[in-house]
Amino acid sequence: MAAATAGKTGSARTSGGSTRTPTSTATASGRPVRRLVIVESPSKARKIQPYLGDDYVVESSVGHIRDLPRGAADVPAKYKGESWARLGVDVDNQFSPLYIVTPEKKSTVSDLREALKSVDELLLATDPDREGEAIAWHLLETLKPKVPVRRMVFHEITESAIRAAAENTRELDQNLVDAQETRRILDRLYGYEVSPVLWKKVMPKLSAGRVQSVTTRLVVQRERDRIAFRSAEYWDIAATLDAGAEATPRTFGARLVQVDDARVATGRDFDSLGQLKKASRPSSGDGAGVVVLNEAEARRLADGLQGRDLAVTSVESKPYTRKPYPPFMTSTLQQEAGRKLRFSSERTMRSAQRLYENGYITYMRTDSTTLSDSAIQAARAQARELYGDAFVADKPRQYTRKVKNAQEAHEAIRPAGESFRTPGDIAREVDGDDFRLYELVWQRTIASQMNDARGTTVSVRIGGTAATGESVVFASSGRTITFPGFLKAYVETVDDGSSAQADDAESRLPELTEGQALTAAELNPDGHSTSPPSRFTEPALIKVMEELGIGRPSTYASTIKTILDRGYVWKKGSALVPSWVAFSVVGLMEAHFGQLVDYDFTAEMEDDLDSIASGDDSRVHWLNGFYFGAENRGSEIAKAGGLKKLVGANLEEIDARTINSITMFTDAQDRDVVVRVGRYGPYLERIVDGESQRANLPDELPPDELTEEIAEKLFSVPQEGRKLGTDPETGHEVVVKEGRFGPYVTELLPEPEVPEGAKKKPAKPKPRTGSLLKSMSVETVTLADALKLLSLPRVVGKDPESGDEITAQNGRYGPYLKKGTDSRSLADEEQLFTVTLEEALELYKQPKQRGRGRGAAQPPLRELGEDPSTSKKMVIKDGRFGPYVTDGETNASLRKGDSVEELTDERASELLAERRAKAPAKKTTTTTRRTAAASKSGGTSARSSTAKKTGTSTTKKTTTSRARKTPTN
DNA sequence: CAGTGAGCGAGCTTCCGCTTGACTT
């Protein structure tokens, strides 16, 4: 049963009005009080049960049990006709949400109801965070318990903590529940209002959302930076200096850092576009500034320094200490498993889930780095045992963190238990991914309780004067680690493509003193070029998501899966590359929904949710601002007039053609080279002599590799398809191609010879073409198939009465016969080649019929009874769009979940009633209205705006903007 | 991105977060 509630009632109070705390231990009859405890996770329930004993029954909700309906199919009949049914939120009535028990949770809910029957009290022990509070409230609303209810919270799963939590319960925090509900509704409104804009303007089935859209934007922006990047070259001198025979090591490396008063530029002086940063330019007033050496200068200097005296001008020694890293939380685990083990975040989470369920590690979806006291003791004990006292930190280390949106409902991820099993201990039980991940968690946890690594860093500067007069300074630094501390147990891996040094890397310098003379064993001019910012890997992207506070531990992996599934991003090795569609979508969002893809949007939302949780703001007030707008307060989107207005205005204003055109650069003739995102994938276009020139873009070409050079190459490749062979009759080559209307075969005609003295080129003859039949595919079509297709239309014969020729051909709506302007559909494609004149004439004898099968009317799939409301006989028929029920006047498609065999008369009647409610007008008016609507949406759709037909039906704005654009194209 | 003649039941796609099995290949 779908439990629907529109809006909250006063029943959201716990303990049924009772205020007794702590709860009593016995019933009036003297029997011990039995309590049902509901947690979120089944394995947590198993773990807690023994701590609480026989008077408690511990069950789990397995996450959320109710949610907004996913789509129309989930909406209970009662609300189907409502204007807000699509959203599942009654925006005009206090944003009342419609909650239904999630289909897969129905059995969980009935199990919980059953368990509730035998207890005297209910303890809602869901996680101590916003979502957990909401789950508790949903349980209360759904189970409607008759017994007292209390909220139980704990942050640690130990016997004492659990027992204490059971004794110190509280009431449900309605404000916190409100904050969660606000978050849920905001996400629904954002996702379900903005996604349809993308369907109309870019492509069907695309999606937008608070988390995925910003994440996609990050990847697109990085690619844009890479495209804009221009590599810069800078030089310095790498010297090998000799400290004399006594020194160890005798020689060491140093680099030129200064010439006269100017600092020699290094990679850090260049920005993300590869250009010298403003602050580093000589004109910035920063002393004598920075000098970028070129090759000639570097060589000249190196030559001028040959054999010159060098001397140590300063030696600076500083202690090096490095603190251990905090224990893992979800994001850092995914990052390190990605870097060290090369696991995708999904693979990491799958493995972690197994380890958790089998009792090897603590809960794996957490944003906390906190360890329980017993875990700290266990880690210290094990570190002591393995590495000795000196390696264990003097005092227990606790890692608190203040990170955006942290809810900290769980512990850090660590080995489970009061004492840890070493990887060796579990090697027999666990292998593969799970073993390697456990080892990682174990090492990191142990290391977190160990001592700092200590050592020394030494910075040396060496001066000299070149024969040509310049004074130069070389620099060198060394790091020695005298006490490795935690590094002995665990070293974090450095990101791919990062210039950072691992924490345990050492480099030794000899003992040097100020004034000490040195000689240069080698002076090598050294050229460098700046490199573009590297692409995101999954771990790197998750790190940024976490820093921006977008997404939650339970969703990092699934968000990445979503943007992969939608085709916004694809993987090249471990790098994430944005698709051209992503460029279109992000471009649209930035231009028209800028507030929604602002990197700070979630952070601001979290602040606002906090004020709802603290009671300073209300759910309805906030949502009103977000959806309907508010002038003086609230988010940027509220000031912009609210989401609803924005979506409406943008549907009219956004020009699909502009959105789906990504101008890359201008070619040598100053023509814009544009990537167009079309229905059949992206292609390149430019206007040459007033004509559009197009080229296919290879699927595997990352946007930043589309250089001018490559573009020229692509343009020069003829639009060729797969060659099938040569037509023996004409000698023309036959190819199969993907076209605007799907796959087709065509012949390649030889270039016509231009007769001498001819002023104009002769008109090009048109090649024969033919769409593939349904039974054929681009991959498997043969030359024989192609020749058959090219032989169409086939002359079937002449109508003896009129003398008109009857032909069989393949058209827009499939195979058909044509006689003048009169046509008849053929039942199957094979008939194109086999139908005889007699059969054709037989077909023409029958009047043109709609919905006909092979001449006879299609029998219904199933007969139903009479519609109780109209007393009309109902039948189920099969149509173009699948089975539908009809009473002769109204037709209604069967929905998801309806089956032809099991459809009841009641359900059929309901479907018909719904259909009637939607289109109450009479036939004629319905037709005109539908036509109008169709041409309107056609005018704004990406697909049609590129097709010729819509020229007349495009909106004024589209037309003007296209007209304006034409000259530049 | 090829160009080829109808008339007609469309309905669905999509969000973020919280949790695991029960399905089939």
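These numbers were taken from a predicted model, which means no experiment stands behind them.
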Query - Presence of salt bridge, Asp127(A) and Lys44(A), under 4.0 angstrom - result: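 Answer for the salt bridge query: yes.
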
Query - Salt-bridge contact Asp67(A)-Arg184(A) (side-chain N to carboxylate O under 4.0 Å) - result: yes

Report task. Scan nucleotides 14-21 of chain B nucleotide by nucleotide, 5' to 3', and note B when protein non-hydrogen atoms come under 4.0 Å of the base, S if they reach only the sugar-phosphate, - if neither. Result -> BBBBBBS-

Query - Thr142(A) OG1 to Ile65(A) CD1 distance, which is reported to the nearest 0.5 Å - result: 3.5 Å

Report summary line: Value for OG1 (Thr216(A)) from CD1 (Ile563(A)), rounded to nearest 0.5 Å, stands at 4.5 Å

Query raised in the report: Under the criteria of a ring-centre distance below 5.5 Å and an interplanar angle below 30°, is Tyr816(A) stacked with the base of dA6(B)?
Result: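 Here Tyr816(A) fails the 5.5 Å or the 30° condition.
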
What nitrogen or oxygen pairs link the protein and nucleotides 23-25 of chain B at under 3.5 Å?
none

Requested in this report: I would like to know whether Val214(A) and Thr602(A) meet side-chain contact (heavy atoms from CB on, under 4.5 Å); could you show each step before the answer?
Outcome: CA-CA 9 Å; Val214(A) 178; Thr602(A) 290; 5.7 Å; no

Query raised in the report: List DNA chain B stems (3 or more consecutive Watson-Crick/G-U pairs, under 3.5 Å)?
Result: none

Send over the distance from [X] [atom1] to [N] [atom2], rounded to a whole Å.
X: Asn660(A); N: dC1(B); atom1: CG; atom2: P; value: 14 Å
X: Lys877(A); N: dA10(B); atom1: NZ; atom2: P; value: 15 Å
X: Leu912(A); N: dG11(B); atom1: CG; atom2: P; value: 11 Å
X: Leu773(A); N: dT4(B); atom1: CG; atom2: P; value: 16 Å

Query raised in the report: Among all residues two or more places apart in sequence or in another chain, which pass the ring pair (Phe, Tyr, Trp, His ring centres under 6.0 Å) test with Tyr190(A)?
Result: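 Scan of Tyr190(A) (ring pair (Phe, Tyr, Trp, His ring centres under 6.0 Å), adjacent residues dropped) gives none.
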
Query raised in the report: Within the side chain of Ser368(A), is there an N or O that forms a donor-acceptor pair under 3.5 Å with the backbone of His410(A)?
Result: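 A pair under 3.5 Å: yes.
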
Report task. Report the residues that fulfil salt bridge (Lys or Arg N to Asp or Glu O under 4.0 Å) with Arg350(A), sequence neighbours left out, ordered by chain and then residue number. Result ->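 If we apply the salt bridge (Lys or Arg N to Asp or Glu O under 4.0 Å) test to Arg350(A), skipping adjacent residues, the hits are Glu346(A).
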
Report task. Please name all residues satisfying side-chain contact (heavy atoms from CB on, under 4.5 Å) with Thr746(A), sequence neighbours left out, ordered by chain then number. Result -> Val735(A), Lys737(A), Tyr744(A), Pro767(A), Thr769(A)

Query raised in the report: Can Arg566(A) be said to sit on top of Tyr568(A)'s aromatic six-ring, NZ or CZ under 6.0 Å from centre and within 45° of the ring axis?
Result: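 The answer is no; the distance or angle limit is not met.
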
Query - Stepwise side-chain contact (heavy atoms from CB on, under 4.5 Å) check, Val585(A) with Met203(A) - result: CA-CA 9 Å; Val585(A) 167; Met203(A) 224 184 245; over 6 Å; no

Query raised in the report: Starting at the 5' end of DNA chain B and moving along, which residue's nearest nucleotide shows up first, Gly770(A) or Val885(A)?
Result: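 Result: Gly770(A).
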
